[in-house]
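The structure is given below, and queries will be raised subsequently.
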Amino acid sequence: MRTLVMSKVLYIWSAMSYNEKSAWAIAGSLLIVSAWYLTTLANEAGGAAVATVEYRGLVLVGVVLLAVLATVTHIVLAVSEPGSAGVADERDRRYNQLGEYVGGFVLGSGTLLTLGLAVIEADHFWIGNAILAALVLSELTSLGTRILLYRRGGLV
Amino acid sequence: MTQAELAEKIGVTRQTVIAIEGGKYSPSLEMAFEIAHALGRPLDEVFGFRSDLTDV
């Protein structure tokens, strides 16, 4: 059963275009780094108020970690599909545009939320993390939209 | 003509040709003309309107 599922996953993966694989790779990297960031934040707080944690260093490490993960996965993708790396056709561009459009709503909402936090003079921990959350969630929404369009099709 | 050959001729990925064939993606008018031209067939012979997708 497990072998059957694995072979099906591998079959689906091999049938994907480079740009769909790229969307999966970035989404996966973002989820891994986000999970690491939240876990580390919770561990460092250790029961105390989370806003007391020095988060700025963690954000920097997270950004570097994300860049490394995204670069490594794209090098592997480019090596396995040398002809199609970095090439986008009409469908890729339209799905990308739609993904950015949907993600833009999340980014806009996050910006308003952050503005609200600044207006009430919230701690910079919450403002910084609200910006971070808006960026990550908008990117995940954008990538999720693209993946959904690639998987289910989109008559756009 | 294979899907890969058609894809190369019109400058898209094979997956895009598969998506168009499977009705999962509607190409732009320009690409539709390119496909018809590559297949040597009139546009209305290659593409047809599916009313079941637009009926609400």
Side-chain angles (χ1 to χ4, degrees), chain A residues 7-28 70 73-103 141-156, chain B:
Chain A
S7 61
K8 197 171 179 187
V9 169
L10 281 174
Y11 173 74
I12 293 170
W13 180 259
S14 64
M16 286 179 192
S17 67
Y18 172 85
N19 282 285
E20 185 181 354
K21 287 177 184 168
S22 166
W24 278 104
I26 300 170
T73 50
H74 279 78
I75 287 172
V76 172
L77 282 179
V79 168
S80 60
E81 293 178 52
S84 49
V87 180
D89 66 12
E90 177 192 291
R91 186 172 69 124
D92 297 318
R93 283 191 295 273
R94 285 166 90 174
Y95 284 177
N96 192 38
Q97 279 171 358
L98 197 62
E100 293 296 320
Y101 178 76
V102 177
T141 307
S142 171
L143 292 164
T145 304
R146 277 168 62 191
I147 289 169
L148 203 67
L149 286 167
Y150 278 121
R151 290 292 86 211
R152 296 189 57 191
L155 300 172
V156 290
Chain B
M1 187 185 290
T2 65
Q3 289 170 333
E5 285 167 348
L6 177 62
E8 199 181 339
K9 221 168 180 180
I10 59 172
V12 299
T13 60
R14 193 173 58 87
Q15 287 85 358
T16 295
V17 171
I18 293 168
I20 294 168
E21 268 190 22
K24 280 181 151 189
Y25 177 69
S26 291
S28 66
L29 195 57
E30 190 185 347
M31 196 202 279
F33 272 111
E34 279 177 16
I35 292 169
H37 180 72
L39 294 172
R41 295 265 184 268
L43 186 68
D44 61 351
E45 207 176 281
V46 182
F47 293 98
F49 179 65
R50 282 181 61 186
S51 60
D52 58 309
L53 292 175
T54 52
D55 286 349
V56 285

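Letters A, B, ... mirror the listed sequences (proteins, then strands); counts begin at 1. What you see is a predicted model; the values in this text were computed from it and never measured. The basis for the numbers below is simple: all heavy atoms, side chains too, and nothing from hydrogens, waters or symmetry mates.
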Please report the shortest heavy-atom distance between B:Tyr25 and A:Glu90, naming the atom on each side.
OH-OE2, 2.7 Å

Tell me, for A:Ala88 versus chain B, whether the close heavy atoms (under 4.5 Å) come from the side chain, the backbone, both or neither.
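No part of A:Ala88 comes within 4.5 Å of chain B.
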
B:Glu45, CD: over 12 other non-hydrogen atoms inside 6.0 angstrom
yes

More than 12 foreign heavy atoms under 6.0 Å from CZ of B:Phe33: is that the case here?
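Counting neighbours around CZ of B:Phe33, 12 or fewer heavy atoms of other residues, nucleotides or ligands fall under 6.0 Å, so no.
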
Counting only heavy atoms not in B:Gln3, do more than 12 fall under 6.0 Å of its CD?
yes

Going by heavy atoms in the side chains, are A:Arg91 and B:Met31 under 4.5 Å from each other?
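Sidechains of B:Met31 and A:Arg91: no contact.
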
Region of A:Arg151 in contact with chain B, defined by heavy-atom distances below 4.5 Å
backbone

How far apart are the closest heavy atoms of B:Thr13 and A:Ser17, and which atoms are they?
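In terms of heavy atoms, the two residues are closest at OG1-CB, 4.4 Å.
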
